[in-house]
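Let me begin by presenting the structure, written as structure tokens, before commenting on it.
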Amino acid sequence: MTPQDLRFVALIAAASSLAAVARRLDISPSAVTQRLRHLEERLQVRLVDRSSRRLQLTAEGSMLAERGAAVLAELEAMTEALAAGRGAVTGHLRVAAPFGFGRAYVAPAMVALRQAHPGLEMSLILFEDPAHSLRDGQWDVMVHVGHLPDSRLVLRRLAPNRRILCAAPAYLAAHGTPSQPEDLRHHACAVIRENQADTTLWPFTHAEGHGTAIRVHPALASNDGAVVRQWGLAGLGIILRSEWDVAEDLRSGALVALVPDWTPPPADVVALLGARNGRMARTERFLQVLGQALRPVPWRG
């Protein structure tokens with residue numbers, strides 16, 4: 001077997017269909033089917049279950065994908081070790097991040113990284129909530145804002161970030177200013193909705209230590225945080241947004257922070273790593289560059 005064969009099996013393992021594999025390889029579905037058939041004939045084993053309606057590996061295919069991933073990782077590690085000896089960073093870095101934060105901070109960090117290491121290939125995948133949108137194995141580094149979705153992943157804290165309840169002065173002038181979280185039940189709220197996450201339950205902790213959680217009935221909902229922020233700025237309702245996203249709006253007066261004695265849970269910016277990906281030179285160098293871009297914390301300047 002060749003490394004190309006192992007990468008091909010890895011693509012199949014991560015894809016939802018052979019058509020998706022074809023799109024990743026930029027070839028026709030028939031070419032993918034033919035390549036798979038030739039590989040199975042060469043190995044004399046069936047790798048994909050043709051009787052399943054969804055793309056599903058056989059037991060042998062799953063074993064090959066798992067052990068092949070370890071072999072590919074070791075080959076990459078050896079290549080990177082050789083490159084590191086001459087001060088270079090090589091390989092293919094796959095980064096996942098939320099839409100807004102990815103555009104504002106992750107993409108510029110990747111520009112700086114690519115300029116310093118032109119031999120490095122990079123991919124940036126953006127979702128509103130990548131932790132619930134991507135399967136393990138589709139990324140090397142995931143930049144996540146908020147609660148850690150899986151404690152099994154290696155975690156690195158990149159920057160502190162609060163969540164802030166806020167609204168535009170025009171909305172408050174028309175509908176009044178809530179003095180405590182319970183008042184939110186009588187206000188229009190805008191929320192983010194994606195992947196069935198419970199985003200209508202807003203928890204708060206009082207300065208004296210006791211807490212509460214309010215179930216809001218959203219007047220507006222979107223799967224894009226930038227849209228929710230726009231609605232807040234337009235005076236359509238109350239929003240709960242990350243500090244990094246609305247800090248400038250709060251400084252300018254376009255938004256006003258509410259219920260100052262009550263604090264929502266923090267939403268720190270963290271990096272999630274697979275156990276193997278954390279050892280890669282490209283991963284480490286990316287985290288160094290992004291960490292430098294976030295020190296001092298830019299939204300608290």
Side-chain angles (χ1 to χ4, degrees), residues 97-106 126-133 143-147 159-269 294 297-301:
F99 278 123
F101 194 87
R103 296 189 192 104
Y105 295 102
V106 178
L126 299 179
F127 288 88
E128 187 58 44
D129 187 356
H132 291 94
S133 303
V143 178
H144 182 72
V145 180
H147 175 68
N161 176 58
R162 296 175 296 169
R163 299 174 75 207
I164 299 175
L165 188 74
C166 52
Y171 174 85
L172 300 176
H175 302 281
T177 301
S179 59
Q180 57 186 344
E182 286 75 9
D183 295 341
L184 295 175
R185 303 184 195 275
H186 311 294
H187 282 270
C189 298
V191 303
I192 296 176
R193 274 188 173 153
E194 186 176 69
N195 295 314
Q196 308 304 315
D198 188 0
T199 56
T200 62
L201 186 65
W202 290 1
F204 298 87
T205 302
H206 193 268
E208 295 179 354
H210 57 279
T212 187
I214 303 302
R215 176 72 67 182
V216 299
H217 300 283
L220 301 155
S222 173
N223 69 331
D224 189 339
V227 170
V228 172
R229 172 175 168 267
Q230 290 171 8
W231 286 340
L233 289 168
L236 299 183
I238 294 174
I239 61 176
L240 183 61
R241 296 298 298 148
S242 279
E243 178 186 8
W244 75 262
D245 190 32
V246 296
E248 186 55 41
D249 300 322
L250 294 170
R251 281 191 287 266
S252 69
L255 291 174
V256 177
L258 305 174
V259 293
D261 292 335
W262 293 86
T263 306
D268 290 346
V269 181
L294 298 178
V297 180
W299 47 88
R300 295 184 179 178

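Since this is a predicted model, take the numbers as computed values, not measurements.
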Just wondering, do [Y] and [X] contact through their side chains at under 4.5 Å, heavy atoms?
X: H206; Y: D261; result: yes
X: H187; Y: Y171; result: yes
X: V228; Y: V191; result: no

Tell me which one of V269, V143, L126 satisfies side chain to side chain contact (heavy atoms under 4.5 Å, CB included) with V106.
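Among the candidates, only V143 passes.
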Any chance the rings of W299 and Y105 have centres within less than 6.0 Å?
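Yes: the rings meet the under 6.0 Å criterion.
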For [X] versus [Y], what's the shortest heavy-atom pair and its separation?
X: P181; Y: F204; result: CB-CD1, 3.7 Å
X: L250; Y: A257; result: CD2-N, 3.7 Å
X: P169; Y: G253; result: CG-O, 3.4 Å
X: A97; Y: G102; result: CB-CA, 3.9 Å
X: L236; Y: A188; result: O-CB, 3.8 Å

Reported [atom1]-to-[atom2] distance for the pair [X] and [Y], which is rounded to 0.5 angstrom:
X: S242; Y: D268; atom1: OG; atom2: CG; result: 9.5 Å
X: D183; Y: I214; atom1: CG; atom2: CD1; result: 9.0 Å
X: R163; Y: E243; atom1: CZ; atom2: CD; result: 12.5 Å
X: Q230; Y: D224; atom1: CD; atom2: CG; result: 7.5 Å
X: T263; Y: I164; atom1: OG1; atom2: CD1; result: 10.0 Å

Please report the C-alpha distance between I239 and L255 in whole Å, then the side-chain angles of each, then the deciding distance to 0.1 Å, and finally whether the side chain to side chain contact (heavy atoms under 4.5 Å, CB included) criterion is met.
CA-CA 10 Å; I239 61 176; L255 291 174; 4.3 Å; yes
Give the C-alpha distance, both sets of side-chain angles, the deciding distance and a yes or no for side chain to side chain contact (heavy atoms under 4.5 Å, CB included) between L165 and W262.
CA-CA 9 Å; L165 188 74; W262 293 86; over 6 Å; no
Does the plane of the ring in F101 sit parallel, tilted or perpendicular to the ring in W244? Use 30° and 60° as the thresholds.
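Perpendicular.
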Between L172 and L258, is the side chain to side chain contact (heavy atoms under 4.5 Å, CB included) condition met? List the steps.
CA-CA 10 Å; L172 300 176; L258 305 174; 3.8 Å; yes
Checking N161 side chain against A267 main chain: does a donor-acceptor pair fall under 3.5 Å?
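Here the side-chain-to-backbone pair exists.
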Judged by atom type as modelled, is there a donor-acceptor pair below 3.5 Å linking the side chain of N223 to the main-chain atoms of R193?
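Looks like no, no N/O pair under 3.5 Å.
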Assess whether a salt bridge exists between D249 and R229, defined as any Lys/Arg side-chain N lying under 4.0 Å from an Asp/Glu carboxylate O.
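Salt bridge: yes.
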